[in-house]
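Shown next, in structure tokens, is the structure this report addresses.
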There are 4 protein chains.
Amino acid sequence: MVRERKFSDEDLFLATKELLLDYGYEGFTFGLLAERLGVSRSALYKYFGNKEELIMEFMMYELDQFMDKLRKINDYNRFEDQFDYLLELLMNHPQIHQLIEIGRHVPVNNQKLKEKNDKLDGLHLDMYQSLVGFVQQGKGEGKLKPHIPDTLIVGYILQSFLVPNFAQIPHSEWVQSIKEIIRNGMFTDDH
Amino acid sequence: MVRERKFSDEDLFLATKELLLDYGYEGFTFGLLAERLGVSRSALYKYFGNKEELIMEFMMYELDQFMDKLRKINDYNRFEDQFDYLLELLMNHPQIHQLIEIGRHVPVNNQKLKEKNDKLDGLHLDMYQSLVGFVQQGKGEGKLKPHIPDTLIVGYILQSFLVPNFAQIPHSEWVQSIKEIIRNGMFTDDH
Amino acid sequence: MVRERKFSDEDLFLATKELLLDYGYEGFTFGLLAERLGVSRSALYKYFGNKEELIMEFMMYELDQFMDKLRKINDYNRFEDQFDYLLELLMNHPQIHQLIEIGRHVPVNNQKLKEKNDKLDGLHLDMYQSLVGFVQQGKGEGKLKPHIPDTLIVGYILQSFLVPNFAQIPHSEWVQSIKEIIRNGMFTDDH
Amino acid sequence: MVRERKFSDEDLFLATKELLLDYGYEGFTFGLLAERLGVSRSALYKYFGNKEELIMEFMMYELDQFMDKLRKINDYNRFEDQFDYLLELLMNHPQIHQLIEIGRHVPVNNQKLKEKNDKLDGLHLDMYQSLVGFVQQGKGEGKLKPHIPDTLIVGYILQSFLVPNFAQIPHSEWVQSIKEIIRNGMFTDDH
DNA sequence: AATGAATGAGCGTTCATTCAT
DNA sequence: TATGAATGAACGCTCATTCAT
């Protein structure tokens, strides 16, 4: 009964993700996105009322997916296992932190957007609490140093995956090293 | 005899720095800069052919200054002292990494720009090598774990200062904790 | 056997009228009209080639209806009765003049439209002549001042109903006053 | 020291006036205006922050000029003379009423605009009061019929000059007839 | 007959950049 | 050296219009 769409939501969200990471919020334009999808700029407005809305929807889509996986951290009882699971997860979603930062740049002008933003904040909070919960479990088990602020630990772990791997170190080695730094730092023990 | 310039390079670069950090690359405009300097937009074109060039020049200026200080790391013989000096330095230039990231967003369109970009890459390399030298000294002294890639160590240290301090942890405590994570990780020793 | 239309011409023209009066020619959009009719925008194109055409058709429909009533003016023999009938009629179609003005804004781009426009002008002429006929009858009966141009009299009567009633004078009083001005002017007789 | 302007404010306001009358508020575009002035659209933004502002400024300019002349109505003592002066004035500014109506369409979004709007409302009020004063003087002198609402008299006089002169009746005759209708209506006295 | 998908022209607006003085 | 005037490309967005089902 009707023409077939030239692009799926997945296509669009994937392109959005790449462009956002490459150009940031300001640098992201409908022109860029439309070009990448092979459609006209105006076509995008059929699905998203405006730029903010598009990015908000994308953020929710992305965070939703991430949260589904993050919540599975509670399938593990021991902190060590949770830690392994978390790092594995972050490895596969290395830019989640960066995306969230970009999301903070979205100006919230109207009611409709405000609702989306609140929903997004909710997801954000979920994630944060999930991670703080994990940190506290670690401290409770005596595994994490108690005097380091929770927020620093959380931020640090997220940030770790943003270190650019210029020298193209093989992935597994890179991750192993990150894990080790997080666990035991960079310094040897004989100090 | 000749009219005096209404603004110095220092003024200009300082304003540029603040604006870049506040608004990002896309948000940075000649209008903002001119306004802050109290001159007309077109006046800026006497000194910088275009926006990219201006930012490139600024980057070089900034990196140059930073490198002058970074090179002083060699005034110290012991790795531990170098480490302390480096962290102190980074603490006072927390945005150096961020600025470099912004610099990466500058599109390189023409030859002239390409030359500047290469020059900047050169400085970048200097900095990188200086830091890698420091890392190797640390490894040589048996202080740094030898199996962690040099580039990861360098990147990690730089990145550390970008973890956002949302919870407003006092600065000295925050820095101490960062140092400790870098040195000895987040985990306790009883493992 | 065939699918039934989801909206009648009457529905459509009524909606068009309201929207035109509310939003003017520029503010009138297919989107608004489609929404009010509960159909898709593209459905409208089955019946009207384009926006201008639609408005033209509407104008003709509207003028036709009005003319049917206006022609009844000839049911009356005496000018006075015709005058009363006319004012009554205009009172009940106060926007007819306004709609005609809006109609003038429609750009006539192509041949097909030009034909419609000519047809509309024809109707317009009918109306005009009908009114001029009325005026001449008035002059023939010695009721209307012979030296005032026919077209001014016609235009004036039509225009009278467009004076905005900002002060919310009650309708009957307003109309009575208009009638009086038309008949005997604003000035008292003692001059 | 600087390039010469390609158009004066007078040029611009004149073009604005014509376009507003031809196309209405919605139909008026920067593209149209720029084209008529022979400059680029963006050049206009040097002088007017946005469309609303431009139209507001124009309105004030236009009303200011009109008010300067309207105020001179008080140079005359007798109502009859005032009446003659007023009609003469309106003849030379036939669209003033129409322009004000268009002015009402301008959406007032921000503070700066609100101020301009208030100023405009002030001018508007001046004009209205000036005219109502004139009407009351006429009633006081027993020249105007006391039972016709002031606002209708004012509106009617303003509206009179909007009757389109399709038949191209010579100007002086047209005006004389309008005057007569206003004074003594369309009807002869023998009724 | 009717639909949702898509396009393209145009709008208001911003901004880097060039021009003429 | 510095300026205000002007341009043109691009942006976010709207809407009449066409397409394919």
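As the structure is a prediction and not an experimental result, all values here were calculated from the model.
Straight-line distance from the CZ atom of F48(A) to the P atom of dT14(F): 15 Å, rounded to whole Å. For the pair L54(B) CG and dC15(E) P, the computed distance is 16 Å after rounding to whole Å. Going from atom CD of E35(C) over to atom P of dT14(F) covers 14 Å, rounded to whole Å. Spacing between atom CG of N50(D) and atom C1' of dC11(E) amounts to 13 Å, rounded to whole angstrom units. For the pair Y23(C) OH and dT14(F) C1', the computed distance is 15 Å after rounding to whole Å. Nucleotide dA20(E) holds its P atom 18 Å from the CZ atom of R5(D), rounded to whole Å. Here the P atom of nucleotide dA16(F) and the CG atom of L19(C) are 11 Å apart, to the nearest Å. One atom, CG of L32(B), and another, C1' of dA16(E), lie 13 Å apart when rounded to the nearest Å.
Side chain of D11(D) to backbone of S8(D): a donor-acceptor contact under 3.5 angstrom is found.
Comparing S40(D) and L44(B) against DNA chain F, the residue whose closest nucleotide sits nearer the 5' end is L44(B). Along DNA chain E, the nucleotide nearest G38(A) and the nucleotide nearest R41(B) are compared for position; the residue whose nucleotide lies closer to the 5' end is G38(A). The 5' end of DNA chain E is approached more closely, in terms of each residue's nearest nucleotide, by Y45(D) than by the other of Y45(D) and V2(D). Looking at which nucleotide of DNA chain F each of V39(B) and F7(D) is closest to, the 5′-most match is held by V39(B).
In DNA chain F, runs of at least 3 stacked Watson-Crick or G-U pairs (N1-N3 plus N6-O4 or O6-N4, or N1-O2 plus O6-N3, all under 3.5 Å) give these stems: E:2-21 with F:2-21.
Within 4.0 Å of T29(C), counting heavy atoms only, lie sugar-phosphate atoms of the nucleic acid but no base atom.
When the shell of 6.0 Å around OH of Y23(A) is examined, it contains 12 or fewer heavy atoms from other residues, nucleotides or ligands. Open room surrounds CD on E35(C); 12 or fewer heavy atoms of other groups in view lie less than 6.0 Å from it.
Between dC19(E), dA6(E), dG4(E), one nucleotide has an atom nearer to the side chain of R3(D) than all others, and that is dC19(E). Of all nucleotides listed (dT17(F), dG4(E), dT17(E)), dG4(E) comes nearest to the side chain of S42(C). Side chain of Y47(C), nearest nucleotide from dA2(E), dT13(E), dT18(F): dA2(E).
Evaluation of atom-type donor-acceptor distances gives a pair under 3.5 Å for the side chain of K46(A) against the base of dA6(E).
The aromatic rings of F13(A) and F58(A) sit tilted, their planes meeting at an angle between 30° and 60°.
For the OP1/OP2 pair of dA16(F) and a distance below 4.0 Å, the side-chain nitrogens and oxygens of K51(C) include at least one atom meeting the criterion.
Counting only heavy atoms from C-beta outward, the side chains of L44(C) and L12(C) approach each other to under 4.5 Å.
Under 4.0 Å is where a charged nitrogen must lie from a carboxylate oxygen, and between E52(D) and K116(D) no such pair does.
A cation-pi arrangement is present between R5(A) and F7(A) under the rule of less than 6.0 angstrom and at most 45 degrees off the ring axis. By the 6.0 Å and 45° rule, K51(D) stacks over the aromatic ring of Y25(D).
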